[in-house]
Amino acid sequence: MKREAPRHNDQSIDVNKPKSWHYAFCDGCDDPIAEIRYKCSICEDYDLCLSCYGKNSDREASISFHPQTHLFLKIHFPLPHPSDRSPMLLPMAYPYTFKFDNTSKQGVIHKGIICDGCDLTIMGIERYLCTNCDYDLCSSCESVNIQRSIHDLSHIFLCIRHPLPQRSERPLLRLEIAYKTKPSMVADRTPIYAPLDPERKKNTTPVCIRRMEVPDVENVYYNIEMTSFDSPYDIDYFYGCAERQSRIQSRVAVDDFDNIYGYIIFHVRERQGMIISLAVAPMARGMGIGKILMSEAMKYFSEAGSVRRAILHVSVENHPAQKLYRSLGFNVKTWLGDYYEECDGLLLEAIITPFYEMTSHEHGPLLSAFFHGDHHPSPA
């Protein structure tokens, strides 16, 4: 579970402006992180968006939702996958007894620290220390570094709001360079998945269904599977599904730019179809994508000819998912005690009519590409 933090609406989404989408969700507001990502240099997996980082830093140390003794890395460009880089962790820079003063940020002076951009003593809200070389920037120079390339764009800066202890009293704050090549500018980078226009919720979701391919796996796993389930499948399972389409079927819902919004995995065995897993990206839920994916699987079962029923498992507490499945003809067959770690489960079943036996009136709803519904599925 993520630590509770204030909800915010500051990070509005402009669908017409190209953005860099990071492989990370904010631990403050649970939203996907665009443009600037703040990654904790002490914790293995803790990130904040621009708005939540500001709120955490502005609070008194005793009520901030993440320790202010933890310094954050300011990341403009999406990082390579963790398997392709070394862990980005640093030792504690402040002693545990360090006292913070948040009352006079504008008057803070980082004594003896000269900005390498403007040659002035760094003072004010923040000092930026390069983690790849001996280089410092003040907040003014750092704010224009991306546009002017004052410093190597493949180097990542550490945000320092409170003067550090003397150099001899703190560890060396250095990281290996995370990028193998020079990172692209934000405007030239394709987002992991683009935000949907909220107005489309009133109409239809313009997505199509295609097979999941091996290059899709990391996107599906880190942006959808990991954010949807407390006990996600292993990433190797997804690679196996993408490679073995003859035995296990996997589909993804994509838009015109091939951005992925959801996935479904299913298979046929002994005249029975089974939905193994279904999930939709958090920012795309409530737009009918789950129903589109489910309908694709049901169409596959029907066209197989030999399938007479479909089954799936769902948590007894997942009422939106149950509502979706009932709308597609599923009914409760068995109550499964202690099926999930936290609660019981249900085995649902639907009768499948072979495609060649259906009337033209029945073909329409089955083949429709646009549906409306809401769900939050449970893994099988």
Side-chain angles (χ1 to χ4, degrees), residues 205 207-212 220 224-225 228-229 232-233 237-238 240-242 244-253 261-280 285 288-337 339-340 343-380:
T205 306
V207 298
C208 62
I209 307 299
R210 64 166 174 79
R211 286 191 173 190
M212 184 193 302
V220 169
I224 302 177
E225 177 73 7
S228 298
F229 304 107
Y233 285 120
Y237 177 76
F238 284 85
C241 291
R244 299 193 299 270
Q245 294 283 351
S246 60
R247 189 172 68 85
I248 298 179
Q249 300 295 316
S250 56
R251 303 287 187 270
V252 288
Y261 297 107
Y263 81 85
I264 189 169
I265 298 173
F266 56 94
H267 69 74
V268 173
R269 183 180 298 170
E270 298 178 355
R271 299 166 63 93
Q272 175 178 280
M274 182 172 184
I275 307 296
I276 299 173
S277 188
L278 167 70
V280 173
R285 290 173 187 160
I289 293 174
K291 198 164 189 176
I292 297 173
L293 288 163
M294 280 293 296
S295 297
E296 177 71 14
M298 298 295 278
K299 179 165 87 70
Y300 181 92
F301 295 154
S302 179
E303 292 179 342
S306 61
V307 178
R308 291 294 180 263
R309 68 178 192 134
I311 62 170
L312 58 85
H313 301 95
V314 63
S315 164
V316 294
E317 298 178 353
N318 196 342
H319 301 294
Q322 293 176 38
K323 179 179 178 181
L324 166 66
Y325 301 143
R326 284 197 301 271
S327 72
L328 293 168
F330 283 86
N331 295 296
V332 176
K333 180 176 176 62
T334 307
W335 184 285
L336 304 171
Y339 187 79
Y340 297 101
C343 61
D344 296 344
L346 298 173
L347 173 64
L348 305 186
E349 180 186 64
I351 302 303
I352 300 296
T353 302
F355 190 81
Y356 59 81
E357 294 180 6
M358 297 176 66
T359 65
S360 59
H361 175 72
E362 292 172 311
H363 287 171
L366 181 63
L367 300 176
S368 174
F370 300 101
F371 290 87
H372 300 277
D374 191 12
H375 76 289
H376 185 186
S378 295

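Keep in mind that the numbers below use all heavy atoms, side chains included, and drop hydrogens, waters and symmetry copies. Predicted model, so just to flag it, every value in this text is computed and none were measured.
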- Message: With rounding to the nearest 0.5 angstrom, report the CE to SG distance, Met212 to Cys241.
- Response: 6.5 Å
- Message: Using side-chain contact (heavy atoms from CB on, under 4.5 Å), reason through Asn318 and Tyr340 one step at a time and then give a plain yes or no.
- Response: CA-CA 12 Å; Asn318 196 342; Tyr340 297 101; over 6 Å; no
- Query: Partners of Asp344 by side chain to side chain contact (heavy atoms under 4.5 Å, CB included), sequence neighbours excluded?
  - Reply: Val316, Trp335, Asp338
- Message: To check you understand the geometry: which heavy-atom pair defines the closest contact between Val307 and Ala304, and what is its length?
- Response: CG2-CB, 3.9 Å
- Beyond-backbone contact of Ile292 with Tyr261, side-chain heavy atoms, under 4.5 angstrom: no
- Is there side-chain contact between Leu293 and Ser295, with heavy atoms separated by less than 4.5 Å? no
- Item | Residues in side chain to side chain donor-acceptor pair (under 3.5 Å) contact with Gln272, at least two apart in sequence or another chain | Arg309
- Rounded distance [0.5 Å steps], CD1 in Ile275 versus NE2 in His267: 9.5 Å
- Message: Holding to side chain to side chain donor-acceptor pair (under 3.5 Å), I want the full list of residues that pass it with Arg210, two or more places apart in sequence or in another chain.
- Response: Asp216, Asp258
- Heavy-atom check, side chain of Leu347 versus side chain of Tyr339, under 4.5 Å: no
- Query: So, for Arg251 and Arg211, which heavy atoms are closest and what is the spacing to 0.1 Å?
  - Reply: NH1-CG, 3.7 Å
- Task: Find the distance between CG (Leu278) and CE (Met294) and round it off to the nearest 0.5 Å.
- Result: 6.5 Å
- The ring pair (Phe, Tyr, Trp, His ring centres under 6.0 Å) partners of Phe301 (sequence neighbours excluded) come to Phe266
- Item | Side-chain touch Glu296/Ile264, heavy atoms, less than 4.5 angstrom | no
- Message: Restricting to non-hydrogen atoms, name the atom on Ala321 and the atom on Val314 that form the minimum distance, rounded to 0.1 Å.
- Response: CB-CG2, 3.9 Å
- NZ/Lys333 to CG/Leu346 distance, rounded to the nearest 0.5 angstrom? 13.5 Å
- For Met298 against Ala310, the heavy-atom pair lying closest together: SD-CB, 4.3 Å
- Note on the structure: By ring pair (Phe, Tyr, Trp, His ring centres under 6.0 Å), Phe330 pairs with (sequence neighbours left out) none
- Can you check whether Ile265's main-chain N or O pairs, donor with acceptor, with Ser250's side chain at less than 3.5 Å? no
- Message: Less than 4.5 Å apart, side chain to side chain, heavy atoms only: is that true for Ser277 and Glu225?
- Response: yes
- How would you list, by chain and number, every residue that makes a salt bridge (Lys or Arg N to Asp or Glu O under 4.0 Å) with Arg326, sequence neighbours excluded? none
- Out of curiosity, Ile276 CD1 to His313 NE2, how far, rounded to the nearest 0.5 Å? 11.0 Å
